Amino acid sequence: KFAANPFTLLACSPDEREQLLGARTFASDKYPPSSKPLLHPRTGGREKIRVAYVSGEFRAHATSYLVAGLLESHDRSRFEIFGVSTGNNDRSDMRQRIERAFDTFADGSRDTDRALAEMLDRWEIDIAVNLNGYFGVERTGVFALRPCPIQVNYLGFPGTLGADYIDYIIADDVVIPHDHRDLCAERVVYLPHSYQANDSKRPISDVTPARAQAGLPGDAFVFCCFNSNHKILPSMFDVWCRILRKIDNSVLWLMQGDAAAVDNLKREAAARQVEPDRLVFAPRAKLPDHLARHRLADLFLDTLPHNAHTTASDALWAGLPVLTCRGSAFAGRVAASLLRAVGMEELVTDTLEEYEALAIALARDTKRLGRMKRQLSENQRTLPLFDTARYARHLESAYAKMWDLYCRGEPPRSFSVSPAA
């Protein structure tokens, strides 16, 4: 009966049916539905819809970097926005910004699942949004108690939660094609452009370090991937090493994990006839500085079966093109969704053979890459991916439709949100 953690499964299994089975088994074992749900019927008579976001990552974390602008952009004439933190307070500027973005905010990190569920019920929340799913400091047990009439899987976990008490999953038609809806336990809500929120206020440092300061050769072609090291599987590393062997004077710039990961990657590079010093490792940095150093790279190479998510948006926001291969599950299609929302679908491939060939072609055609960088830079503020206000209207339309269905006594169903003008 026991299953692997579904988040771990995303990185090693591209099979959506396997992911659904794993999520259902995990939910049934660890978070079974309560035999005595807390839910009290809502009348729908209030002027504003009450939405609560529950997250363990309301701090200097990728989730908050994505949603901060969204939370600030919600229409307060139609929605009342609540926040529940289940993780630590790092007292960062981002934590303070997140707290200010809510109409009501509670630190529930020391509370039990039942206490948090009772708080949501007491607040008479209409729509509860699980921003973690099975990722990070997650509290899916709160949702298993069914404190709210509408419960939503959104953003933090790129896949189904496999739980019948989660009514909807927020997606788009790239990450969950319409003919894949039966591979989700939830009903699918399709947003225009991309499912992923982004913050149009994310600051990028004006100071770009010299390549030498980042440990990069001044005249090399710099491929980079700032994904977590656990997403680098042997099959992906095989492709990267073949690309490095075919592009002279090129390096691969990776995020620095622990010492064991660095040693392992260097050893595996050598085993693939790539000099270990052609791998360069970037230490952690403050977000504005991290975004600025993307300018030193020439092309971002994505991973499979678990794509770049926030890291892909970071690269695009910083003006760095991202090359991806469309996977067979939600987690492997995110970068394709993001690239569509910036008008760069030419960087989406469908096989690793195509991916490898295009990486080599782009490295040999720096003028083409230069045009892509200019396109990102010149159109940044108007691209759908980074139009936070427009995205907020789309998500609010989704919430309003969910609430309308509930108030009419209709069961949840999949639907698409029309693009805002």
Side-chain angles (χ1 to χ4, degrees), residues 14 66 158 171-177 192-196 198 221-227 231-233 235-244 246-247 250-255 291 293-387:
L66 292 178
D172 60 59
D173 60 7
V174 173
V175 294
I176 303 180
H193 310 304
S194 178
Y195 83 101
Q196 191 190 84
N198 268 276
F221 187 94
V222 177
F223 296 104
C224 88
C225 180
F226 290 142
N227 290 358
K231 294 184 180 181
I232 305 174
L233 298 191
S235 57
M236 200 75 247
F237 202 62
D238 288 342
V239 175
W240 288 353
C241 287
R242 287 199 297 270
I243 292 169
L244 289 172
K246 292 176 182 177
I247 301 298
S250 65
V251 297
L252 178 59
W253 194 19
L254 301 171
M255 185 58 68
L291 292 174
R293 66 184 175 183
H294 282 75
R295 300 174 185 136
L296 304 178
D298 296 296
L299 181 64
F300 188 109
L301 296 178
D302 196 13
T303 50
L304 200 69
H306 197 160
N307 281 175
H309 294 181
T310 307
T311 44
S313 289
D314 285 348
L316 295 170
W317 180 245
L320 178 63
V322 174
L323 173 63
T324 193
C325 182
R326 192 194 319 265
S328 56
F330 189 138
R333 299 192 192 105
V334 171
S337 166
L338 305 180
L339 286 163
R340 179 180 68 171
V342 295
M344 302 189 82
E345 290 175 281
E346 63 189 292
L347 290 173
V348 179
T349 61
D350 290 306
T351 67
L352 287 178
E353 291 77 16
E354 292 176 6
Y355 172 101
E356 181 178 335
L358 185 53
I360 293 166
L362 290 169
R364 292 171 175 167
D365 189 350
T366 54
K367 288 185 178 180
R368 183 180 176 188
L369 270 180
R371 288 195 297 271
M372 291 179 180
K373 289 185 175 184
R374 286 194 298 275
Q375 177 183 340
L376 285 170
S377 177
E378 293 169 2
N379 300 322
Q380 184 186 68
R381 297 290 174 179
T382 59
L383 294 168
L385 185 63
F386 301 120
D387 190 336

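Remember, predicted model here, so these are calculated numbers, not experimental data.
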Q) So how far is it from Thr310 OG1 to Leu338 CG, rounded to the nearest 0.5 Å? A) 9.0 Å
Q. Could you walk me through whether Asp387 and Leu383 pass the side-chain contact (heavy atoms from CB on, under 4.5 Å) check?
A. CA-CA 6 Å; Asp387 190 336; Leu383 294 168; over 6 Å; no
Q. Do the side chain of Arg326 and the main chain of Arg333 share a donor and acceptor less than 3.5 angstrom apart?
A. no
(Q) I need the minimum non-hydrogen distance between Asn227 and Ala308, along with the two atoms involved. (A) OD1-CB, 3.1 Å
Q. Restricting to pairs with a member in residues 310-342, which pass ring-ring contact (aromatic ring centres under 6.0 Å, His included), not counting sequence neighbours?
A. Tyr195-Phe330, Trp317-Phe386
(Q) Could you tell me if the side chain of Val222 sits less than 4.5 Å from the side chain of Leu296, heavy atoms only? (A) no
Q. Could you state the interatomic distance from NE2 (His306) to CD1 (Ile232), rounded to the nearest 0.5 Å?
A. 13.0 Å
Q: Using atom types as modelled and distance alone, determine if a side-chain donor or acceptor of Thr349 lies under 3.5 Å from a backbone N or O of Thr324.
A: yes
Q | Parallel, tilted or perpendicular, as decided by the 30° and 60° cut-offs, for the rings of Phe237 and Trp240 | A | perpendicular
Q: Give a yes or no answer on whether the side chain of Asn379 reaches the backbone of Thr382 with a donor-acceptor pair at less than 3.5 Å.
A: no
Q. So which heavy atom on Lys231 is nearest to which on His309, and how close?
A. NZ-N, 4.3 Å
Q.
I'd like to check Ile247 versus Phe223 (side-chain heavy atoms, cut-off strictly below 4.5 Å). Are they in contact?
A. yes
Q) Relative to Phe226, does Arg293 satisfy both conditions: NZ or CZ under 6.0 angstrom from the six-membered ring centre, and within 45 degrees of the ring's axis? A) yes
**Q.** Side-chain heavy atoms of Cys224 within contact of Leu252, under 4.5 Å
**A.** no
(Q) Could you check whether any side-chain heavy atom of Tyr355 comes within less than 4.5 Å of a side-chain heavy atom of Asp350, counting everything from C-beta outward? (A) no
Kindly list each side-chain donor-acceptor pair under 3.5 angstrom involving residues 366-377, sequence neighbours excluded, with atom names and distances?
from, atom 1, to, atom 2, distance (Å)
Arg368, NH2, Glu346, OE1, 3.4
Lys373, NZ, Ala297, O, 2.9
Gln375, NE2, Gly343, O, 3.3

Q. Salt bridge check: are Arg340 and Asp173 linked by an N-O gap of less than 4.0 Å?
A. yes
Q | For the student: nearest non-hydrogen atoms of Leu323 and Leu347, plus distance | A | CD1-O, 3.4 Å
Q) From Leu339 CG over to Met344 CE, what is the distance, rounded to the nearest 0.5 angstrom? A) 7.5 Å
Q: Give the minimum heavy-atom separation between Asn307 and Val334, together with the two atoms involved.
A: OD1-N, 3.3 Å
**Q.** Residue from Val322, Leu66, Leu291 passing side-chain contact (heavy atoms from CB on, under 4.5 Å) with Asp314
**A.** Leu291
Q) Is a side-chain donor-acceptor pair under 3.5 Å present for Ser337 with Gln196? A) no
Q | side chain to side chain donor-acceptor pair (under 3.5 Å) against Asp238, all qualifying residues, sequence neighbours excluded | A | Arg272
Q) Can you find a pair of side-chain heavy atoms, one from Leu233 and one from Pro305, that are under 4.5 Å apart? A) yes
Q.
For a quick test of reading the model, state the closest non-hydrogen atom pair linking Leu385 to Asn198 and the distance between them.
A. O-CB, 3.3 Å
Q: Considering non-hydrogen atoms only, spot the tightest contact between Ile243 and Ala359 and give its length.
A: CD1-CB, 3.6 Å
Q) Atom SG of Cys225 and atom CG of Leu299: how far apart are they, to the nearest 0.5 Å? A) 10.5 Å
Q) Atom CE of Met236 and atom CG of Leu352: how far apart are they, to the nearest 0.5 Å? A) 5.0 Å
Q: Could you tell me the separation between the CD atom of Glu353 and the SG atom of Cys325, rounded to the nearest 0.5 Å?
A: 8.5 Å
